[in-house]
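Worksheet for the structure shown next.
Position 1 is the first residue of the sequence, and the numbers go up from there. It should be emphasised that the depicted structure is a prediction, and the values quoted were computed from it without experimental measurement. First listed ligand is number 1; within each ligand, the first listed atom is number 1.
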Amino acid sequence: MSKVLELKNLSYVYGTGTPFEKTAVNNLSLSIEKGEVIGIKGQTGSGKSTLVQMLNGLMKPTSGQVLLDGEDIWANPKDIRKIRFKVGMVFQNPDNQIVSSIVEEDVAFGVENLGVEPKEIRERVDNALKTVGMYEHRLKAPNKLSGGQKQRVAVAGIIAMKPMCIVLDEPTAMLDPSGRREVMNTVKKLNKEEGITIVLITHYMDEAVQADRVVVMDDGQIKLDDTPRNVFAKVDEIKALGLDVPQSTELVYRLGIKCENTVLNANECVDLLKKTLEAKR
Ligand code: ADP
């Protein structure tokens with residue numbers, strides 16, 4: 001695998017030299033491989049949003065480097081807008097991301113700024129809408145859509161720009177369970193079928209366990225960085241950082257059942273409980 005993003009000794013300080021000075025990201029280094037899905041977890045205020053806004057140049061690091069495909073994104077500050085086409089961002093509130101009154105115009109907005117030929121814009125917009133399952137809604141007004149549908153339109157606007165990586169900052173926090181499922185299924189599909197690298201900040205356990213890797217942040221630094229199974233095996237450590245583990249993991253932990261592989265979901269939990277009960281018969 002090759003690295004798509006490499007963060008080297010990255011720091012971000014708010015309000016330097018003021019009484020409110022705050023180091024939000026503190027000398028953090030992280031490599032993200034092409035095609036990976038990375039889940040980022042951490043308490044509110046741990047620096048997650050600040051970190052991801054440095055990935056596409058929305059915020060400039062106080063010190064350190066962000067390398068995209070091996071190149072420092074701030075090498076030519078005038079070109080920083082181009083980075084935003086390569087690393088797309090989806091935010092929490094779908095309403096804040098809508099810029100047009102018709103779905104397909106909204107999806108076209110970013111790609112129009114890329115200077116792509118009109119015929120190709122049409123193709124890219126149609127394909128993006130089909131990929132997120134919103135093609136039949138292309139002529140609707142975005143404000144007539146559900147939260148999950150609006151987020152899928154936001155994702156379509158980004159994939160129309162053919163990015164290398166999509167960063168999602170709690171994209172499902174304002175959605176109902178079906179909206180959450182829609183968005184997560186779309187994100188997984190993009191990763192599997194298009195090979196797009198995904199960086200996902202999420203508070204939801206069921207979303208974090210679907211990642212290839214979970215990075216746990218605390219006070220601007222990375223405390224854990226491993227597969228979901230290895231991260232959530234460290235129940236005491238996770239709780240000490242003010243975070244939860246998946247409910248199934250918690251149940252097995254509280255029952256004191258020892259198992260080789262940490263349980264991450266209800267099915268695995270049921271299997272383990274059955275085996276444990278059978279062994280006691
Ligand atoms: P998270 O996304 O994990 O909740 P943030 O990156 O939003 O964390 O915040 C990290 C730290 O930086 C927090 O202590 C927060 O209060 C502080 N912070 C965030 N935005 C600002 C800002 N605009 N001005 C000053 N401090 C900020």
Atom 16 (O) of ligand 1 protein-contacted, heavy-atom criterion under 4.0 angstrom: no
Common cluster, Val209/Leu241, ILVMFWY with side-chain heavy-atom separation under 4.5 Å: yes
NZ or CZ of Lys130 within 45° of Tyr135 ring axis and under 6.0 Å: yes
Residue, atom name and distance, where the atom is the protein heavy atom closest to atom 5 (P) of ligand 1: Thr50 OG1, 3.6 Å
Residue portion contacting ligand 1 (non-hydrogen atoms closer than 4.0 Å) for Lys48: both
Closest protein heavy atom (residue, atom, distance) for atom 24 (N) of ligand 1: Tyr14 CD2, 3.5 Å
Protein contact to atom 7 (O) of ligand 1 [nearest heavy atom, distance to 0.1 Å]: Ser49 CB, 3.9 Å
Flag side-chain contact, heavy atom, 4.5 Å: Val37 against Val187: no
Hydrophobic cluster identity match, Leu129 and Val99, side-chain contacts under 4.5 Å: no
Atom indices of ligand 1 within 4.0 angstrom of Thr44 heavy atoms, with elements: 4 (O)
Shortest protein heavy-atom distance from atom 14 (O) of ligand 1, along with the residue and atom involved: Lys22 CE, 3.2 Å
Nearest non-hydrogen protein atom, atom 8 (O) of ligand 1: Gly47 N, 3.1 Å
Short side-chain donor-acceptor distance under 3.5 Å, Gln97 and Gln151: yes
Atoms in ligand 1 with a heavy atom of Ala24 nearer than 4.0 Å: 10 (C), 11 (C), 12 (O)
Enumerated ligand 1 atoms positioned under 4.0 Å from heavy atoms of Gln43: 3 (O)
Short N-O contact, Glu104 and Arg122, less than 4.0 angstrom: yes
Glu278 and Lys274 ion-paired at < 4.0 Å: no
Ion pair check, Glu170 and Lys48, cut-off under 4.0 Å: no
Closest candidate by heavy atom, reference atom 13 (C) of ligand 1, pool Gly45, Gly15, Ser46: Gly45
